[in-house]
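Okay, structure first, notes after.
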Protein chains: 2
Amino acid sequence: MEQENSISRIQNAITRNSQLFEQLADLYKIFADSSRVKILCALTQSEMCVSEISEFLSITQSAVSHQLRILKTSNLVKTRRAGKSIIYSLTDDHVRTIIDCGMDHIVE
Amino acid sequence: MEQENSISRIQNAITRNSQLFEQLADLYKIFADSSRVKILCALTQSEMCVSEISEFLSITQSAVSHQLRILKTSNLVKTRRAGKSIIYSLTDDHVRTIIDCGMDHIVE
DNA sequence: TGAACATATGAACAAATGCTCATATATGGA
DNA sequence: TCCATATATGAGCATTTGTTCATATGTTCA
């Protein structure tokens, strides 16, 4: 039943809406970099400010900031200010789901 | 409960196995191109030979072949020969699941 | 065996990407 | 206001990536 919905959804997509694939590819592009995946996984555990992420993952502050910008632009993370820091957190649970999907495939 | 497993799995991954993120990112890289997503979606419907895929998606035979090579190398598709044609199909249902995950996020 | 069809592949090129370095912006406290 | 801390951003650069074009490999059938 759920499978059927999936297939017909994809069929419609292929025949009628080629743009959807760009969107889909663009979404996966975000997860297609190990720095960003690490950041997203880190935020899966708890919200963190930039310097915490940087330290936790051993990635340059600048690099982290650049990647966070991408993540925020694509609405996967949201921010709030706390004093001098800016705290990043996941926008919703989709990220968790998508990472889990991929993880399931890796682990086999 | 399922959420808990997810989180602890990710925590272990971050602290102990940085290589896992490369694998995860590499997996998403495969989905991060619209041609490959289209091909995978097409194969979601039914197995197809190269020229069918090429025609169905309006992508050059050469381009399709190059992408199929990537998909096969990463074990997402398998092949069998039928006369002059080589027929491609999905290796398992993980592809469906992953595409569905992404689709869910797009549709919102 | 030779022609026609089907697929694979290598080289070349343009576009996209992620990092670093330097610097700008913003906040809090002395 | 001045300084230290925190974050963002632009330019430059090296690497990766996807396509095209030409051609090679492989299969069927006359």
Side-chain angles (χ1 to χ4, degrees), chain A residues 18-19 21-43 46-90, chain B residues 18-19 21-43 46-90:
Chain A
S18 173
Q19 190 192 356
F21 292 102
E22 304 291 345
Q23 290 179 40
L24 198 55
D26 284 346
L27 175 64
Y28 288 121
K29 253 175 216 149
I30 300 170
F31 293 81
D33 173 75
S34 62
S35 293
R36 281 193 295 271
V37 170
K38 283 180 190 167
I39 292 173
L40 289 173
C41 281
L43 295 180
S46 80
E47 57 177 22
M48 291 172 106
C49 69
V50 179
S51 54
E52 282 173 326
I53 298 174
S54 169
E55 197 178 348
F56 188 47
L57 302 178
S58 302
I59 304 175
T60 295
Q61 177 270 318
S62 178
V64 170
S65 225
H66 277 296
Q67 300 302 350
L68 283 172
R69 188 167 170 276
I70 293 174
L71 296 176
K72 190 172 183 197
T73 300
S74 48
N75 281 316
L76 295 185
V77 302
K78 61 181 193 283
T79 60
R80 76 167 205 275
R81 179 174 279 281
K84 278 180 287 188
S85 301
I86 294 190
I87 298 180
Y88 282 79
S89 58
L90 299 183
Chain B
S18 172
Q19 190 192 355
F21 292 103
E22 305 290 346
Q23 290 178 38
L24 199 55
D26 284 346
L27 175 64
Y28 289 122
K29 254 173 214 151
I30 301 169
F31 293 81
D33 173 75
S34 62
S35 293
R36 283 193 295 272
V37 170
K38 282 180 191 168
I39 292 173
L40 290 173
C41 281
L43 295 179
S46 80
E47 57 177 23
M48 290 172 107
C49 70
V50 180
S51 55
E52 282 173 326
I53 298 173
S54 170
E55 197 178 347
F56 187 46
L57 302 178
S58 302
I59 304 176
T60 295
Q61 177 270 319
S62 177
V64 170
S65 225
H66 277 296
Q67 298 303 350
L68 283 172
R69 187 168 170 276
I70 293 175
L71 296 176
K72 190 174 183 194
T73 299
S74 49
N75 282 316
L76 294 184
V77 301
K78 60 180 193 286
T79 60
R80 75 169 207 274
R81 178 174 279 282
K84 280 179 286 189
S85 299
I86 293 189
I87 298 181
Y88 282 78
S89 58
L90 299 183

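Just so you know, these numbers come straight off a predicted model, no measurement behind them.
The CG-P distance, from Asp26(A) to dA16(C), rounds to 12 Å in whole Å. The NE2-C1' distance, from His66(B) to dT16(D), rounds to 16 Å in whole Å. What separates CG of Leu57(A) from C1' of dC19(C) is a distance of 16 Å, to the nearest Å. Distance Met48(B) CE to dA6(C) C1': 15 Å, rounded to the nearest Å. Rounding to whole angstrom units, CD1 of residue Ile39(B) and C1' of dA8(C) are separated by 14 Å. A straight line from CD1 of Ile30(A) to P of dA16(C) spans 16 Å, rounded to a whole angstrom. One interatomic measurement links the two molecules: CG of Leu71(B) to C1' of dG18(D), which rounds to 13 Å at whole-angstrom precision. In this structure, the CG atom of Leu68(B) is 15 Å from the C1' atom of dT19(D), given to the nearest Å.
The shortest distance between side-chain heavy atoms of Val77(B) and Ile39(B) does not fall below 4.5 Å. Between Lys29(B) and Lys29(A) the shortest side-chain heavy-atom distance does not fall below 4.5 Å. Within the 4.5 Å cutoff, the side chain of Leu43(B) has heavy atoms near those of the Met48(B) side chain. Ile70(A) has its side chain within reach of Gln67(A): a pair of non-hydrogen atoms, C-beta onward, lies under 4.5 Å apart.
Comparing dT19(D), dT20(C), dA8(D) by their closest approach to the side chain of Thr60(A) singles out dT20(C). Residue Asp33(A) has its side chain nearest to dC19(C) when only dC19(C), dT7(D), dT19(D) are considered.
The residue Ser65(A) sits close to a base: some heavy atom pair falls under 4.0 Å. In this structure, Gln67(A) reaches the sugar-phosphate backbone alone: every heavy-atom distance under 4.0 Å involves primed, P, OP1 or OP2 atoms, never a base. Ser62(B) comes within contact range of at least one nucleobase, with a heavy-atom separation under 4.0 Å.
Using a 4.0 Å cut-off, no side-chain N or O of Ser51(B) falls inside it from OP1 or OP2 of dC5(C).
Shown here are the ring-ring contact (aromatic ring centres under 6.0 Å, His included) partners of Tyr88(B), two or more places apart in sequence or in another chain: there are none.
Side-chain N or O atoms of Arg36(A) include one that pairs as donor or acceptor with a backbone N or O of Ile30(A) at under 3.5 Å.
The stretch residues 77-89 of chain B comes close to DNA chain D through Arg81(B), Gly83(B), Lys84(B), each having a heavy atom under 4.0 Å from the strand.
Under 3.5 Å, the side chain of Gln61(B) and the base of dA6(C) form no donor-acceptor pair of N or O atoms.
Using cut-offs of 30° and 60° for the angle between ring planes, the Tyr28(B) and Tyr28(A) rings count as parallel.
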